[in-house]
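Heads up: the structure comes next, in structure tokens.
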There are 2 protein chains.
Amino acid sequence: MSDPLSDPLSGPLSGPDLLPLLGGPPTERRDAARNREALLVAADELVDVCGVDHVTMEAVAARAGVGKGTVFRRFESREGLMAALLDRSETVWQAAVISGPPPLGPGADPMERLLAFGRSRLETTLRHAELIRAAGRAGSRSYAAWSFTAMHVRYLLGELDVRGDLPVLATALLAPLEVPVLEQQVRVEGFPVDRVLAGWEDLARRVVRPPDA
Amino acid sequence: MSDPLSDPLSGPLSGPDLLPLLGGPPTERRDAARNREALLVAADELVDVCGVDHVTMEAVAARAGVGKGTVFRRFESREGLMAALLDRSETVWQAAVISGPPPLGPGADPMERLLAFGRSRLETTLRHAELIRAAGRAGSRSYAAWSFTAMHVRYLLGELDVRGDLPVLATALLAPLEVPVLEQQVRVEGFPVDRVLAGWEDLARRVVRPPDA
DNA sequence: AGCCTAAACGGACCACGGTCCGGTTCTATT
DNA sequence: AATAGAACCGGACCGTGGTCCGTTTAGGCT
């Protein structure tokens, strides 16, 4: 650890072009990257303090020590900023699905994985409901997130030998796990989360069950 | 037409309490009712001209010849106004479900009615997508609309001898017909409407099909 | 008819999301 | 090291949703 050559992540070697092949297409300027990070951190803290929908763009800018215009250049809109925030948690969740321990990750049989997926997705969605709402349909970010879940469910259905229009069927399984639907049931109707989850698992089994046999 | 006594809608007889037992709980003042109607008409026209999300509250107020404050007192918020607009079309659709001709209305067997419901609901939702979006979760209005569809599907599932948690299952069938899901498939992924509909019908059959038998 | 009160009215006012453009700062190049 | 120019920065500015409160009006009651 004391030898700079053994630690590729620090020391005088970490110049501007240490990793020339990473990053976005035309590479982002250093100050810009610093500001992006500062803004994300500021936003995160403010969300913790005030709650998602009391966070104003001006406050985020001020806390990060930059101008308002900068926030909008980096994140396009309020929705964009929220989507970026969301992206972080979403990424770690995706990692758990791709390479985490079973039954959510690979290793269990597909039906177990599907049920674990539903439970996990439902909990995650409910936990981040406010942020997801605030992120709206922001640019292509939230599309990527959706796309991942759709692909995963589609894959599992394939493994389970489900016949039919898999992309559409997968969407149908995902739809009841969306924020508005969940909130309607849990917050408005007052159904316990366990009941909603049980309902989804029932649905999943009905979809997967082979025709007659 | 020239004799005032032959026209029950005008003339000196149409006093303040011509219909003492109609109207909301504490009865709405006449000028208030007039303004509500004028606002609804103005909003409707402006939506036709500019498209839903270019309609400003100030423009609606101006066109109806009232102040902005009045609009907000009557409809609570922008979402509220849009919800009120939506309410009208929704009401005639509900009438078609309750008492219209089969297979959407009563008279066909439940499975036919369910499939007709899905097709009709999908088309209606897509047609009013912008308005529904703009209405958001406005007060209790859009709740009433949702509640109606949920109740209807729940009833049909009951008629079809489906076992399980009917309220939750009905919600699961409704969820893929919500605006964000539909738009994702049709507008973003580019699936033809017919394909999405076929997918929903497949889903419905899988849900209804009795367990093994 | 005339009064009285609750309700409705209107438009000035505020906050926040989003845009714009003149000035500044980074980085590639020589 | 010096230069050029692209990318970035900041904060004044605008439009719109939503609030507030002094004023007006409808309609029941005497």
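Hydrogens, waters and symmetry mates are skipped; everything else that's a heavy atom, side chains included, is used. Every chain is numbered from 1 and lettered A, B, ... according to where its sequence line falls, protein lines coming before strand lines.
Contact annotation: A:Asn35 reaches the phosphate of D:dC9 (side-chain N/O to OP1 or OP2, under 4.0 Å). Proximity of B:Thr70 to the phosphate of C:dG10: a side-chain N or O atom is located under 4.0 Å from OP1 or OP2.
Of the residues in residues 43-62 of chain B, not one places a heavy atom less than 4.0 Å from an atom of DNA chain C.
Taking the six-membered ring where tryptophan is involved, the planes of B:Trp93 and B:Phe148 are perpendicular, since the angle between them exceeds 60° and thus also 30°.
Taking 4.5 Å as the limit, some side-chain heavy atom of B:His128 sits within range of a side-chain heavy atom of B:Ser89. Looking at heavy atoms from C-beta onward, A:Val179 lies out of side-chain contact with A:Leu126 at the 4.5 angstrom threshold. The shortest side-chain heavy-atom distance between A:Val49 and A:Arg63 does not fall under the 4.5 Å cut-off.
Taking atom CZ on B:Arg36 and atom C1' on D:dA26, their separation rounds to 17 Å, with Å as the unit. The distance from atom CD of A:Glu79 to atom P of C:dC16 is 18 Å, rounded to the nearest whole Å. Note: CZ (A:Arg74) to C1' (D:dC9) measures 10 Å, nearest angstrom.
Residue-environment remark: CZ (A:Arg154) stays at or below the threshold of 12 foreign heavy atoms within 6.0 Å.
Without hydrogens or angle criteria, B:Arg78 side chain to B:Val55 main chain gives a donor-acceptor distance under 3.5 Å. Of the possible polar contacts, none joining the A:Ser120 side chain to the A:Ala116 backbone as a donor-acceptor pair under 3.5 Å is found. Without hydrogens or angle criteria, A:Arg74 side chain to A:Glu37 main chain gives no donor-acceptor distance under 3.5 Å.
The cationic group of A:Arg119 does not satisfy the cation-pi geometry with A:Trp200, failing either the under 6.0 Å distance to the six-membered ring centre or the 45° limit from the ring axis.
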| Summary of protein contacts for nucleotides 19-26 of chain C, nucleotide by nucleotide, where a base hit scores B, a sugar-phosphate-only hit scores S (4.0 Å, heavy atoms) | B-----BB
What nitrogen or oxygen pairs link the protein and nucleotides 3-5 of chain C at under 3.5 Å?
none

| Checking side-chain contact (heavy atoms from CB on, under 4.5 Å) for the pair B:Arg133/B:Val52: CA distance, chi angles, key distance, verdict? | CA-CA 10 Å; B:Arg133 244 194 207 315; B:Val52 174; over 6 Å; no
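Between the OH atom in B:Tyr155 and the CZ atom in B:Arg113 there is a gap of 6.0 Å [rounded to 0.5 Å].
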